[in-house]
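What follows is a short report on a single structure.
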Amino acid sequence: MTRKLSEFSARREKLFAHMRENKLDAAIVSSPINVRYLTGFTGSNSLLLTSPGLTILYTDPRYATQVRAEADAPRKQVVRGPLLPALVASLEKTRFRDVVFEGSHLTFDTFDALSSAVPKRAQLSPLGPILEQLRSIKSPSEIDAIRASVQLNSRAFDAALRRFRPAMTERDLAAELDHQMRLLGAEHPAFDTIVATGPHGAYPHAHPENRSIKSNALLLIDMGAQAEGYASDMTRMAFPGKPSATVRSRYKAVLEAQLAAIDAVKHGVPAAKVDRAARAVLRRHGLDKRFIHSTGHGLGLEIHEMPRIGKKADQPLEAGMAITIEPGIYIEGWGGIRIEDTVLVTAAGSEVLTPTPKELLVL
Ligand code: ZN
Ligand code: ZN
């Protein structure tokens with residue numbers, strides 16, 4: 001427990017370092033994910049006022065027991081009714097002048113209420129994406145959690161595919177995948193599981209429908225678990241029947257693109273270079289126009305986090321980032337092929353965390 005406690009205060013210290021550099025007195029954190037990142041509190045209703053000398057976590061009576069048990073914050077305040085007035089009352093007792101809030105997470109109404117209630121001397125300004133940047137570099141215990149989530153996800157994939165029957169619908173298989181995830185200890189799927197058969201696979205974010213999984217057609221499965229708070233993400237392709245030469249050659253092209261992108265991952269390399277590595281391979285195969293999304297994304301407490309691995313992402317990758325590598329091609333009326341792993345950026349290169357083999361799975 002002590003190790004965990006110090007991890008949360010270490011995260012707050014990093015935020016304080018940024019605040020000192022920018023002469024900011026206090027931060028109001030309102031997104032539940034960032035409150036969780038800074039305190040470990042997982043309740044759905046919270047506000048955090050934090051500064052080097054004063055940190056108070058506010059929640060409502062439904063979470064009174066939970067906040068005592070799990071939150072690492074110097075002060076915790078259980079508030080009846082709206083939390084904002086309690087936070088403003090605390091602010092009034094301080095001499096804080098430059099107060100920042102999460103511009104991309106606070107609703108206009110809350111901002112309005114906040115700006116009319118804060119003491120006159122206080123200047124409100126947006127914090128910017130510093131918490132999201134801090135979150136993009138994972139600590140050793142977060143890497144362990146992501147590794148465990150990835151392994152759980154792959155085990156759920158194996159268990160569900162063992163139960164595959166030709167008469168299944170997309171929804172049946174998606175339900176089986178989700179069921180296996182939960183049985184293996186996931187809190188819930190990290191996102192809506194995608195199962196897409198035949199031409200439906202041409203929709204990168206297909207929702208499983210009530211249609212039977214076709215024989216002699218590609219089957220795309222994109223799934224991730226949320227386990228101990230951390231997400232995993234994997235896409236694999238299966239084929240019930242006998243794949244044609246076209247299916248095999250297109251599959252090989254996407255796999256080659258995915259491997260080239262993984263090869264390009266390394267501390268210090270701009271994310272866009274990884275994206276270009278995948279695109280260059282698909283161009284050689286005449287398929288680059290079919291690759292209609294970015295190569296990957298960070299993941300952690302959320303399924304989509306910083307960094308973005310796209311064409312215009314000039315941000316360098318850093319050791320400790322957990323990202324996905326997921327090039328794909330989408331051909332209307334025919335289907336889609338995507339191969340996705342969860343990958344850890346290291347000083348020397350990368351470590352592919354996903355243990356599931358990448359061959360086209362013939363069912
Ligand atoms: Zn995915
Ligand atoms: Zn993904």
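Both counts, for ligands and for their atoms, begin at 1 and track the order of listing. The first residue of the sequence shown is numbered 1, and numbering continues consecutively from there.
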Quiz item: More than 12 non-hydrogen atoms from neighbouring residues, nucleotides or ligands closer than 6.0 Å to CD on Q66, yes or no?
Solution: yes

Exercise. For D112, look at atom CG and say whether over 12 heavy atoms of other residues, nucleotides or ligands are found less than 6.0 Å away.
Key: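 Check passes, neighbour count above 12.
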
Self-check item: Sphere of radius 2.8 Å around the Zn ion (ligand 1) - protein N, O or S atoms inside
Solution: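 Atoms qualifying: D222 OD1, D222 OD2, D233 OD1, E340 OE1.
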
Quiz item: Are side-chain N/O atoms of D172 and T169 paired as donor and acceptor at under 3.5 Å?
Solution: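 Indeed, the side chains of D172 and T169 share at least one donor-acceptor pair under 3.5 Å.
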
Quiz item: So F101 and F111, would you call those rings parallel, tilted or perpendicular, with 30° and 60° as cut-offs?
Solution: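 Aromatic pair F101/F111 classed tilted.
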
Self-check item: N, O or S atom of H304 closer to the Zn ion (ligand 2) than 2.8 Å
Solution: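 Not a single backbone or side-chain N, O or S atom of H304 is under 2.8 Å from the Zn ion (ligand 2).
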
Side-chain polar contacts of residues 292-302 - donor-acceptor pairs under 3.5 angstrom, sequence neighbours left out - could you list them?
| from | atom 1 | to | atom 2 | distance (Å) |
| --- | --- | --- | --- | --- |
| H293 | NE2 | Y330 | OH | 2.6 |
| T295 | OG1 | D275 | OD1 | 2.7 |
| H297 | ND1 | I303 | O | 3.1 |
| H297 | NE2 | D233 | OD2 | 3.1 |
| H297 | NE2 | T324 | OG1 | 3.4 |
| H297 | NE2 | E326 | OE2 | 2.9 |
| E302 | OE1 | R135 | NH2 | 2.9 |

Self-check item: salt_bridge(D72, R12) N-O dist < 4.0 Å
Solution: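 Answer for the salt bridge query: yes.
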
